[in-house]
Amino acid sequence: MTPAPASTDDPKRVAEFEARIARGETIEPKDWMPEKYRRQLIRMMSQHAHSEVVGMLPEGNWITRAPSLRRKMSLMAKVQDEAGHGLYIYCGTETLGVDRHDLVLQLLSGTAKYSSIFNYPTLTWADIGAVGWLVDGAAIVNQTMLAKASYGPYARAMVRICKEENFHKRQGYEIMATLAAGTPEQHAMAQDALNRWWWPSLMMFGPHDADSPNSGELSRWGIKRKSNDELRQRFVNLTVGQAKAINLTIPDPGMTFDEDTKNWIFSEIDWDEFWRVVKGDGPCNRERLAARRKAHDDGAWVRAAAEAYAEKQARASSAA
Ligand code: FAQ
């Protein structure tokens, strides 16, 4: 991959760049961009790609235990989609002049972040419903906004990914609706999953705006079109009605509806828990990284075979 042209963040060029953003133009890989814009995108997109890949683990471990062939097929397709999203976004980061191999090594060495949500365990089948409904639901709210991001390759990736996430959300919600309408035990299982996944899902949107060091730059450069708190609020507003419709209760008894703003006002998130999980000390952080390292090691022969094949092809074409 050819590295992006060296950028000299000279104020005149930055001003021209910002004028392009203000006019709503899309920035493409060969366009000049401030070095900080490029670095912010690499940071955010690589964390996003890692999240999609690590995000296969909590659901992947239920493929063999899905309760019917239909459920198994949907879940398998969903987990494969997440792998595709990860690879697609890694491709997007490569348009910024980085090598995905280096990004993967950052994940495996524990220096790169990925979404906190994937460090929670999937204990029952209802958790698969909750992940689809809430985690994909939150991802859609976030990514619909990112589909309007100023960087073309990322925005276009989000358009395609959101279409698939919509299917994921529906399959999760359908699992929850089926369980919630089932026996009292099944209803309790669905409620328990909602209880455990609700707060971690709200944490997916990141810290409060006032505590979000990256938001200023990301907003100024049109990468984030809405703030962490705005998106979290939108997700809550959408989800309360969905829970009611299937007779489940959001585990936040203090929640109230504000008639003026039409927002559901929810209780404070446990930010200590959030930062603990982000910093590597959540319920499954170690397990997730160990699984990714094992997958990487197990795949060494595939990478070696692909390289050997590419070399053979190159030799054959230079001899011809
Ligand atoms: N977990 O300054 P901010 C999915 C970090 S995909 C871990 O507010 P920013 C699909 C943040 O990186 C889910 N770390 O950061 C699926 C920063 O650290 P840094 C992933 C978090 O970037 C479904 C620091 O805290 N989606 O679910 C989290 O402006 C089912 C300060 O925060 C994306 O990645 C967190 N929750 O806003 C797959 C979407 N929140 O880098 C499988 C793209 C914050 O300075 C199964 N990303 N941090 O050291 C974004 O929209 C943004 O990056 C945010 C964070 C909103 C996540």
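Atoms within a ligand are numbered from 1 in the order they appear, just like the ligands themselves. Just so you know, residue 1 is the first one in the sequence shown, and it goes up from there. For the numbers below, each heavy atom of this structure counts, side chains included, while hydrogens, waters and symmetry mates do not.
When the options F266, F205, W264 are evaluated for a ring-ring contact (aromatic ring centres under 6.0 Å, His included) with F235, the one that passes is F205. Test H101, H48, H50 against Y90 for ring-ring contact (aromatic ring centres under 6.0 Å, His included) and you get one pass: H50.
Residue contacts with ligand 1 for H48 involve both N, CA, C or O and side-chain atoms from C-beta outward (heavy atoms, distance under 4.0 Å). Under 4.0 Å from ligand 1, the heavy atoms of E165 that appear belong solely to its side chain. Contacts of I117 with ligand 1, taken as heavy-atom pairs under 4.0 Å, are absent altogether. Proximity of M204 to ligand 1, defined as any heavy-atom pair under 4.0 Å, is shared by backbone and side chain alike. At a heavy-atom cutoff of 4.0 Å, ligand 1 is contacted by the backbone of Y114 but not by its side chain. If you look at F205 next to ligand 1, the close heavy atoms, those under 4.0 Å, all belong to the backbone. Only the side chain of K78 comes within 4.0 Å of ligand 1, judged by heavy-atom distances. The proximity of H85 to ligand 1, defined as any non-hydrogen pair under 4.0 Å, does not occur for either the backbone or the side chain. Contacts of A139 with ligand 1, taken as heavy-atom pairs under 4.0 Å, involve the side chain alone. At a heavy-atom distance under 4.0 Å, atoms from both the backbone and the side chain of N214 approach ligand 1.
The shortest N or O to N or O distance between N142 and ligand 1 is below 3.5 Å. The distance criterion of under 3.5 Å between nitrogen or oxygen atoms is met by S212 with respect to ligand 1. Taking any N or O of E59, backbone or side chain, none lies under 3.5 Å from an N or O belonging to ligand 1. Considering both main-chain and side-chain atoms, M56 never comes within under 3.5 Å of ligand 1 through any nitrogen or oxygen pair.
In terms of heavy-atom proximity, C284 sits nearest to P121 at SG-N, 3.7 Å.
Each of the atoms 1 (N), 7 (C), 35 (C), 36 (N) of ligand 1 lies under 4.0 Å from some heavy atom of S116. Those atoms of ligand 1 with a heavy atom of P207 less than 4.0 angstrom away are 8 (O), 32 (O), 44 (C). Short contacts between ligand 1 and D136, defined as distances under 4.0 Å to a heavy atom of the residue, involve ligand atoms 23 (C), 30 (C). The distance from ligand 1 to the heavy atoms of G206 drops below 4.0 Å at these ligand atoms: 40 (N), 44 (C). Near V135, meaning under 4.0 Å from one of its heavy atoms, ligand 1 places the atoms 23 (C), 27 (O), 30 (C). For ligand 1 and G55, the ligand atoms under 4.0 Å from any heavy atom of the residue are 42 (C), 46 (C).
Hydrophobic cluster of I265: no remaining members, since no ILVMFWY side chain lies below 4.5 Å from it.
In summary, the side chains of H208 and N228 do not present any donor paired with an acceptor at a separation below 3.5 Å, with no hydrogens or angles considered.
Using a 4.0 Å cut-off between charged side-chain N and carboxylate O, R23 and E25 make a salt bridge. Using a cut-off of 4.0 Å between Lys/Arg side-chain N and Asp/Glu carboxylate O, E174 and R170 are scored as not salt-bridged. Taking a cutoff of 4.0 Å between a charged side-chain nitrogen and a carboxylate oxygen, K262 and D258 do not qualify as a salt bridge. A salt bridge links R196 with D192: the distance from a Lys NZ or Arg NE/NH1/NH2 to an Asp or Glu carboxylate oxygen falls below 4.0 Å.
Closest heavy-atom approach to atom 43 (C) of ligand 1 within the set Y154, W275, F274, F118: this belongs to Y154. For atom 13 (C) of ligand 1, the choice among G282, G172, S115 with the nearest heavy atom turns out to be S115. The heavy atom nearest to atom 9 (P) of ligand 1, out of those in M44, E52, K224, is found in K224. The option from R232, H50, K113, Q40 that lies nearest to atom 19 (P) of ligand 1, judged by heavy atoms, is K113.
Not one N or O on the side chain of E307 forms a donor-acceptor pair closer than 3.5 Å with the backbone of A304. Between the side chain of R38 and the backbone N or O of L96 there is at least one donor-acceptor pair closer than 3.5 Å. Of the possible polar contacts, none joining the R13 side chain to the W32 backbone as a donor-acceptor pair under 3.5 Å is found. The backbone N or O of V277 lies less than 3.5 Å from a partner atom in the side chain of N285, making a donor-acceptor pair. A donor-acceptor pair is defined here as one N or O able to donate and one able to accept, closer than 3.5 Å; no such pair exists between the side chain of N263 and the backbone of Q233.
Annotation: atom 31 (C) of ligand 1 to nearest protein heavy atom, P213 CD, 3.7 Å. If you check which protein heavy atom lies closest to atom 22 (O) of ligand 1, you get R43 NH2, 2.8 Å. Taking atom 12 (O) of ligand 1 as the reference point, the nearest protein heavy-atom neighbour is Q47 OE1, 2.7 Å. Scanning the protein for heavy atoms near atom 42 (C) of ligand 1, the closest one is E82 CD, 3.4 Å.
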field: Residue pair V135, W197: steps toward the side chain to side chain contact (heavy atoms under 4.5 Å, CB included) verdict
entry: CA-CA 8 Å; V135 178; W197 288 91; 4.1 Å; yes

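Between F17 and W221, the angle of the ring planes goes over 60°, which puts this pair in the perpendicular group of the 30/60° scheme.
Under a 4.0 angstrom heavy-atom cut-off, V277 registers as lying outside contact with ligand 1.
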